[in-house]
Participant: 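Please find one structure pasted underneath; my questions will follow.
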Protein chains: 2
Amino acid sequence: MAEPHWRERKKAQTRQRLQEQASRLFIERGYDATTVEQIAAAAGVSHMTFFRYFPTKEDAVLSDSYDPLLVAAIQARPRSEHPVVRIHAAVREGLGAIYAADREALLVRVRLTLRTPALRARLWENQVATRELLAGALVDGEPDFATRILASACLATLTSALEEWVATDGSAELPHLIDDAFAVLREGWRP
Amino acid sequence: MAEPHWRERKKAQTRQRLQEQASRLFIERGYDATTVEQIAAAAGVSHMTFFRYFPTKEDAVLSDSYDPLLVAAIQARPRSEHPVVRIHAAVREGLGAIYAADREALLVRVRLTLRTPALRARLWENQVATRELLAGALVDGEPDFATRILASACLATLTSALEEWVATDGSAELPHLIDDAFAVLREGWRP
DNA sequence: CGACCTCCTGTTAGTCACTAACATGTTAGC
DNA sequence: GCTAACATGTTAGTGACTAACAGGAGGTCG
C-alpha cells in the first residue's frame with residue numbers, strides 16, 4: 001500500500017495543464033473559437049483524456065472550489081446572528097481572501113464566466129448548488145423554504161456585486177461593492 | 001405589397017405546430033431523448049425549418065411572453081410604493097392571472113423547465129433579461145446598482161416560490177407561496 | 001400571359017461537443 | 001515475471017447547429 005503519489009501527482013499535473021491551456025486559449029481566441037481538440041493537443045493529450053478529467057468543456061473553467069470555504073466561514077459565525085448577516089460576513093471573508101491573493105486572476109475568471117454565453121448557461125446550476133450549500137450551512141438538517149429564500153436572495157445580491165465589478169472592469173474594489181450590495185438588501189427594507 | 005395575412009398566418013401556424021409537437025414529445029419521451037429531427041417531422045417540416053423558427057432546441061419551450069405583462073403591472077403601481085412591494089404586487093397579479101387561466105399548463109411548463117438540465121441552463125439568461133426589464137420598469141432611464149440588486153433579490157424570491165411549487169408537485173397554491181416567499185424576504189429583516 | 005423577384009423551404013455537407021467499445025501500454029502487488 | 005488495474009489512445013458513432021445552394025409558390029410588372 002505504498003500509495004505511490006507518483007500516479008496521482010501525474011494526474012493532478014495533467015488536470016492542471018488542461019485547465020491552464022484551456023484558460024489561455026479561451027482568453028486568446030475566445031471560448032467558442034477554441035475546440036476541445038485544441039485544448040487537449042496543447043496539453044499533450046487526446047480529446048478523450050480531456051473528457052475523462054472534465055465532463056464538459058465548460059468545466060475546464062468552472063471548477064469552483066470556493067464553496068467549502070464559504071460553508072466553513074458561515075459555520076464559524078455564531079448561529080445567533082441573522083442568516084443574511086452570517087452569509088454577508090462569510091462572503092466578505094471568503095471572497096475577500098481570494099481577492100487579496102489573486103485579484104487579477106479572479107477578475108479574468110469572473111469576466112470570462114459572465115461574458116461567455118456558454119459559461120453563463122452553467123451559472124444557474126452553480127447558483128442552485130451554492131444556494132443549497134449555503135442554506136445547509138445555515139441550519140442543521142434540511143433547510144426549509146424560508147432559509148432557501150434568504151440564501152437565494154443573498155446569492156443574487158452577491159452576483160449583482162460581481163456583475164458590477166466586471167462592468168466597471170475591476171476598477172472598483174470588490175469587497176466594497178459587496179458591502180454596498182448587502183447594505184442595499186438590508187436598507188432596501190427600511191426606506 | 002398586399003402581403004396577405006395568410007402568409008403570416010401560415011408561419012404562425014407552423015411555429016405553433018412546432019411548439020406543440022415539441023412540448024408533446026418532450027413530455028412523452030423526455031427532452032434529451034427527443035431530437036429536433038423528430039420534432040420537425042412531427043410538425044411536417046424539415047429540421048432546417050425548425051431552426052429558422054427557433055434558434056435552438058430549447059427555445060421551442062422557452063418562448064417567455066410573460067415579461068411585458070410584468071412590466072405593465074409594475075408600472076401600474078404607484079411609484080411611491082417600495083420597489084419590492086411593487087414587484088411583489090405585479091408578480092402576484094401577472095402570474096396570478098396566468099395561474100387562474102392555465103394552472104396545469106403552467107405547472108407542466110415550469111416543471112419541465114426546472115427539471116431539464118438543458119433548459120435550466122437557459123434560465124440564467126432569462127433571469128438576467130427579466131431582471132433588466134424589472135429594474136427598467138421601476139425607474140426612468142438606466143437602473144442603478146441598488147435597483148438591480150433589489151430586482152435580483154425579488155426574482156430569486158419568485159424563483160424559490162416556483163421551485164417550491166414544483167417540489168410539492170403543484171399541490172400548494174402558487175399565489176400563496178409567492179406571498180409567503182415575499183413575506184420571508186421582508187420579515188427576514190425583522191426577526 | 002410570361003418574365004422576374006422575393007420568401008419559404010428542403011437538400012446536402014459540413015463542424016464540434018460528447019459518448020461508447022475496444023485496443024494498448026504502463027504500473028502495482030504478488 | 002505475471003496478472004490485474006488503470007490511464008490513455010483509436011475509432012466510430014449521435015445529435016445540435018450552420019452554410020451554400022436549389023427549387024417552388026405567391027405576388028408584381030411588363
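Values reported hereafter were calculated over all heavy atoms of this structure, with side chains retained and with hydrogens, waters and symmetry mates removed. To find a chain, count down the sequence lines: A is the first, B the second, and so on, and within it residues start at 1.
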Participant: Taking all heavy atoms of A/Ala90 and all of A/Leu70, pick out the closest pair and write down the distance.
Facilitator: O-CD2, 3.8 Å
Participant: Could you run through nucleotides 17-22 of chain D and give me one letter per nucleotide, 5' to 3': B if any protein heavy atom sits under 4.0 Å from the base, S if only the sugar-phosphate is that close, - if neither?
Facilitator: BBB---
Participant: Are A/His88 and A/Arg92 close enough that some pair of their side-chain heavy atoms sits under 4.5 Å apart?
Facilitator: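 Yes; the side chains approach each other to less than 4.5 Å.
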Participant: Take the protein atom CZ of B/Phe54 and the nucleotide atom P of C/dT9, then report the distance between them rounded to whole Å.
Facilitator: 12 Å
Participant: Write down the distance between CG (A/Asp59) and C1' (C/dC18), rounded to a whole number of angstrom.
Facilitator: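 Atom-to-atom, A/Asp59 to C/dC18, this comes out as 13 Å.
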Participant: Should A/Trp165 and A/Arg111 count as side-chain neighbours, where that means a heavy-atom distance under 4.5 Å?
Facilitator: no
Participant: Decide whether A/Val166 and A/Leu162 are clustered together by the hydrophobic rule: side chain heavy atoms of Ile, Leu, Val, Met, Phe, Trp, Tyr closer than 4.5 Å, transitively.
Facilitator: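 Yes, same cluster.
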Participant: In whole Å, I'd like the distance from the CZ atom of A/Arg9 to the P atom of C/dT27.
Facilitator: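 Roughly 15 Å, once rounded to whole Å.
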Participant: Connecting only ILVMFWY residues whose side-chain heavy atoms lie within less than 4.5 Å of each other, what is the rest of B/Ile27's hydrophobic cluster?
Facilitator: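 Members besides B/Ile27, by chain and number: B/Val108.
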Participant: Using a cut-off of strictly less than 4.0 Å, decide whether A/Lys11 has a side-chain nitrogen or oxygen near OP1 or OP2 of D/dA7.
Facilitator: yes
Participant: Once the angle between the rings of A/Phe54 and A/Phe50 is folded into 0 to 90°, is it parallel (under 30°), tilted (30 to 60°) or perpendicular (over 60°)?
Facilitator: tilted
Participant: May I have the distance from A/Glu37 (atom CD) to D/dG9 (atom C1'), rounded to whole angstrom?
Facilitator: 12 Å
Participant: CG of B/Leu18 versus P of C/dC8: gap in Å, rounded?
Facilitator: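 Spelled out: CG on B/Leu18 to P on C/dC8 is 14 Å.
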Participant: Taking the cut-offs as 6.0 angstrom to the six-membered ring centre and 45 degrees off its axis, would you call B/Lys57 and B/Tyr31 a cation-pi pair?
Facilitator: yes
Participant: Check every strand shown and say whether A/Tyr53 touches a base, only sugar-phosphate, or nothing at a heavy-atom separation below 4.0 Å.
Facilitator: sugar-phosphate
Participant: Please work out which residues in residues 24-34 of chain B have a non-hydrogen atom less than 4.0 Å from an atom of DNA chain D and list them by number.
Facilitator: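 The stretch gives B/Thr34 as the residues lying under 4.0 Å from the strand, ordered by number.
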Participant: Just the rounded figure in Å: distance from C1' of C/dT9 to CZ of B/Arg15.
Facilitator: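 The answer, rounded to whole Å, is 17 Å.
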Participant: Are A/Arg148 and B/Glu164 ion-paired here, with the side-chain N under 4.0 Å from a carboxylate O?
Facilitator: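 Between B/Glu164 and A/Arg148 there is a salt bridge, with a charged N closer than 4.0 Å to a carboxylate O.
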Participant: Is there side-chain contact between B/Ile98 and B/Leu69, with at least one heavy-atom pair below 4.5 Å?
Facilitator: yes
